[in-house]
Each structure stands twice: as C-alpha cells, then as structure tokens.
Amino acid sequence: METYDALLASITPAPGQNSRTILDPATGEAVGEAPVHTVEDLEAAVAGAAAAQPAWAALGHDARSAALMKAADAVERSAEELAQLLSREQGKPLNGPNARFEVGACAAWLRATAATPLDPETVVDDGETHAELHYRPIGVVGAIGPWNWPMMITVWQIAPALRMGNAVVVKPSEYTPLSVLALASIINQELPDGLLSVVSGGRDVGARLAEHPSIGKVMFTGSTATGKAIIRSSADTVKRLTLELGGNDAGIVLPDSDPKAIAEGLFWGAFINTGQTCAALKRLYVHESQYEAVCSELVAVAAAMPMGNGLEESNVLGPLQNRQQYDIVARLVEAARDSGARVLIGGNPDADAPGNFYPTTLVADIDNDNPLVAEEQFGPALPIIKYSTVDEAVAKANALDVGLGASVWSSDVAAAREVASRIQAGTVWINKHGAVDPRIPFGGAKQSGYGLEFGAEGLKALGVPQVING
C-alpha cells in the first residue's frame, strides 16, 4: 500500500521531461504533472513490449492468471489512493457508482479474467478426423482508452490481453493520464518489465499506435469518429480491432410498469458517472399512460441526489470531466428548450461557479428528432419521449445508426424480453441499464463498434485462432 503522495510521486515526470499540468474539473486546481510522451517514446515502448512478450507467452495460462490475481491484490492494497486520484482527475465522486466503485471493478475484472476457463475446443472427432481449435497470443496489443472510466476500461483492455499471452502498450486519454499511469504502476508490481507500458502522449502518438507495424491488435473505446480513423489507420497492416464506440442508448418503459418502483433504476441507468458513460440510458421512451407519473418520480429521485466536489463524501454526482463536454451538454439542452420542450429539473447552470458542473436535467415533451435525443449528450441531461404504441417505441429506438445498449422496463419479464428481441443493440437489459458483468460478453451493433469483450469470448478476441487438424 502506498500513500497518496507516494503514488502521485511514482508517476511524476523527471526534472526536465516534458509535462503538462492536469486540473481538477471540480475546482480548477492542479492535480499533478503528466508526462508528455512522444512518438519516439512510443517506439521504445513497443520495442520493449515485443522483447518481453515471448517469455510471458511461454509461461502458460495458469502462471499468467496467477500474476493477474496478484495484480488484483495490489490494486486493492492501494484502492483508496487510486480512488482519490481518480476523483481529483476525472471529477467523479468517491461514493455512489463512481471512483471507489471503479477501482473495485478493476480488481474484480482482473480476477474474473484470470479465472475464466478457455480450453482447446474439439470441433471434429469422428474416428477419421480430429480437429482442435486453439487461441495463440497475438503479440503486442495497443490499447487506447477514454476519459470517462479511465481505470476500469483500461483493465477491460489489458487484463484479457495479458491473460492471453500478449504484451500491451496503453495510450490514455489526454484528459485523464494520471489515473492510468498510477493504475499501471500498481499492476506492474506483479508483471515482468516492459510487458505493460503507458505512453501518455497526444494525437500523434495515438495515430502512430494505430498504424504501427509491430502492433497486432488495437482495442479502442471512444467516439465513432475516432474509431473510423483507427479503422483506416490499421488497414495497411490488417490489424485485428475491438472497437467500443458511441452509444445513445434507448430505454423503453412498457405500459404495465410501476413508475415508483423503477424510478431509481432509470435514474442510475442514465446518470451513472454523471451521464458520462457509453452504455448509459440517453433517451427514454415512456408510454402515454405512464408518462407523467414516470416524469414525476424521476424528478423526485433527481432532486435527492447531491452533486458537488467528488472528495466530499456526501456527493454522488460530479462535474463534467472537461469544458468541451460541458459545452456540448449545454448546447443540446438549450436547443431542447428553444424547441418548446419542458425542462422538469435543472437546465440552468451557474456560469460563474468554479468547475464544470452542469445540473441534473430532465427534459419532457420533446420530439424524437430533437438534437438532445438524436445526438449523444454524454452528460447529466435525459430526454423523456412519449409514445402511444410499442411498435412506435421500438421504431424510434432503432432509428439511429448506433446500437451499443438498450433496456426494456416492465412488470412482465416475458413481455419485456419479446420487445428486447426487436431492438437493434448489442446488449438489451431488462429492468436495469448498463449492468456490465465480466462473465457476460459485451459489444456494440451498427456504428457502435464491433468485437466482443468479457468472458471467454473476450479472451478469444485477444488471441489468434489456430486449428490443429490431424
């Protein structure tokens, strides 16, 4: 276990190294100095990873899994210090489904990834032919992560890559490099030198990683536009890709639902991490018979959820991580207001207050083509759209070119599952939203990306399939 100051010191750039100051999105105060790595630093990291990878692969699954288990223990020993740094840099509160939750998820995912069985599969054995399917290491994997769940999503990328015998080079978001550097520093206590490295650079570093001839696979979580750029950059070297891109998830409340019973689940489905989650509920379709009741219950829940500096134990909602995202949310809410939509709560930020705080906002009586519905807001503003028939709701839910997640809310689970089967999304939850599980495959449909993460399918995605026939 390290103290917070020791943890921060372990990732502070050496004197003379290029660096930049990372600011707390809640206060504007300095959190620490992040190194500004270059393309040359990336080249060195990739070379080191390529040198370390063969010996790691030769250890086999059991030894690699044991190392991941020890890494999970190391994360838990420094859990509070990691959560403090994450709260300061990303803005999310310590409590609620936020910073402490995220660090705990890192340990849980490391353990689940280590424990997931992946044995060779006999595909034919008829007395004449014996064919087995194996998964071999790819080599060096490049992992490009986002700023919303910087630690947890990094673990989603690196844990299966390492388990499958690969080395990993991580490029974190420029907004949240300290969290990823600190997490990797802790995990590296249990790994061979050079196997896992973090290159904290700009777009030039990310672009080079995506095209680098020595990197066999890129994992990326972020915007659809950046995902498309990675696809183009990876083409010349025919890289394998796992892309988890933009969401704009729909939720459908069926007529038989109990508004009071589902209100808190709806709220956290939408406002987890203050709405800054790819698979958050971002547009809610409610049957006309339940519409006003659902709106009223959601307002009651929203009004009771404190927002503020994440280091204050009472808060469960925090600021937007960066001003660019704040401006997007503000623009979309104003467009909704200008169109005549009804703002039920929120929508009036204090422009003179410190930090990137945008109030929890619920918007009713809004058209399905309004920008707040049609564009991914990625913040604490939820549009609530009235529908008359389930067919209408399904059509509206499927109208966009994204399909990461969705949810159906009903007292009749069988009816909810039938509606779920008609929704074009990689995951459809029943009476919950965004509940990812390390045992259950997760991935997007349409322009929300391709490739699966988690469970055995996620492990397979970090290997090269090889059939041994004979």
Side-chain angles (χ1 to χ4, degrees), residues 1-37 41 45 70-96 98-110 145-155 158 170-191 193-201 273 308-316 318-319 321-322 354-357:
M1 173 180 163
E2 300 184 63
T3 65
Y4 175 83
D5 289 341
L7 180 66
L8 194 61
S10 71
I11 59 172
T12 297
Q17 183 179 2
N18 287 337
S19 66
R20 62 189 182 86
T21 304
I22 302 297
L23 303 180
D24 185 330
T27 65
E29 298 173 353
V31 177
E33 292 294 311
V36 179
H37 291 135
D41 294 319
K70 290 181 179 179
D73 293 341
V75 169
E76 287 188 335
R77 287 194 297 271
S78 296
E80 185 61 20
E81 292 73 29
L82 288 168
Q84 292 273 340
L85 177 58
L86 178 61
S87 182
R88 286 180 165 98
E89 181 181 49
Q90 201 282 335
K92 63 183 64 183
L94 292 169
N95 291 320
N98 293 297
R100 289 177 178 134
F101 169 86
E102 180 168 349
V103 175
C106 290
W109 247 266
L110 284 163
W147 50 258
N148 57 334
W149 294 91
M151 290 184 180
M152 186 173 73
I153 290 178
T154 294
V155 166
I158 68 176
V170 178
K171 195 280 183 190
S173 166
E174 295 170 71
Y175 288 117
T176 53
L178 299 176
S179 297
V180 177
L181 286 161
L183 177 68
S185 174
I186 297 296
I187 292 175
N188 271 329
Q189 295 172 7
E190 305 297 339
L191 298 177
D193 290 344
L195 191 69
L196 169 65
S197 57
V198 178
V199 182
S200 172
N273 195 26
N309 190 315
L311 297 179
E312 296 176 9
E313 297 281 351
S314 61
N315 292 324
V316 293
Q321 199 287 322
N322 54 82
N356 300 328
F357 289 97

OG (Ser78) and CD (Gln84) are apart, to the nearest 0.5 Å, by 12.5 Å

From Ile187 atom CD1 to Leu191 atom CG, the distance as rounded to the nearest 0.5 Å | 7.5 Å

State whether the side chain of [X] and the backbone N or O of [Y] hold a donor-acceptor pair below 3.5 Å, judged by distance alone.
X      : Y      : answer
Asn315 : Asn309 : yes
Thr154 : Pro150 : yes
Asn188 : Leu196 : yes
Lys70  : Gln189 : no
Lys171 : Gly201 : yes
Asn98  : Asn95  : yes
Ser179 : Met151 : no
Asn273 : Asn148 : yes

Least distance between heavy atoms, [X] atom then [Y] atom:
X      : Y      : result
Gln321 : Thr176 : NE2-CG2, 3.9 Å
Leu178 : Glu89  : N-OE2, 2.8 Å
Phe357 : Pro354 : CD1-O, 3.6 Å
Ala83  : Leu94  : O-CD2, 3.6 Å
Val155 : Trp109 : CG1-CB, 3.8 Å

Atom pairs and distances, side-chain donor-acceptor, residues 8-19, under 3.5 Å, sequence neighbours left out:
from  : atom 1 : to    : atom 2 : distance (Å)
Ser10 : OG     : Leu7  : O      : 2.6
Thr12 : OG1    : Leu8  : O      : 2.8
Gln17 : OE1    : Ala14 : N      : 3.3
Ser19 : OG     : Glu33 : OE1    : 3.1

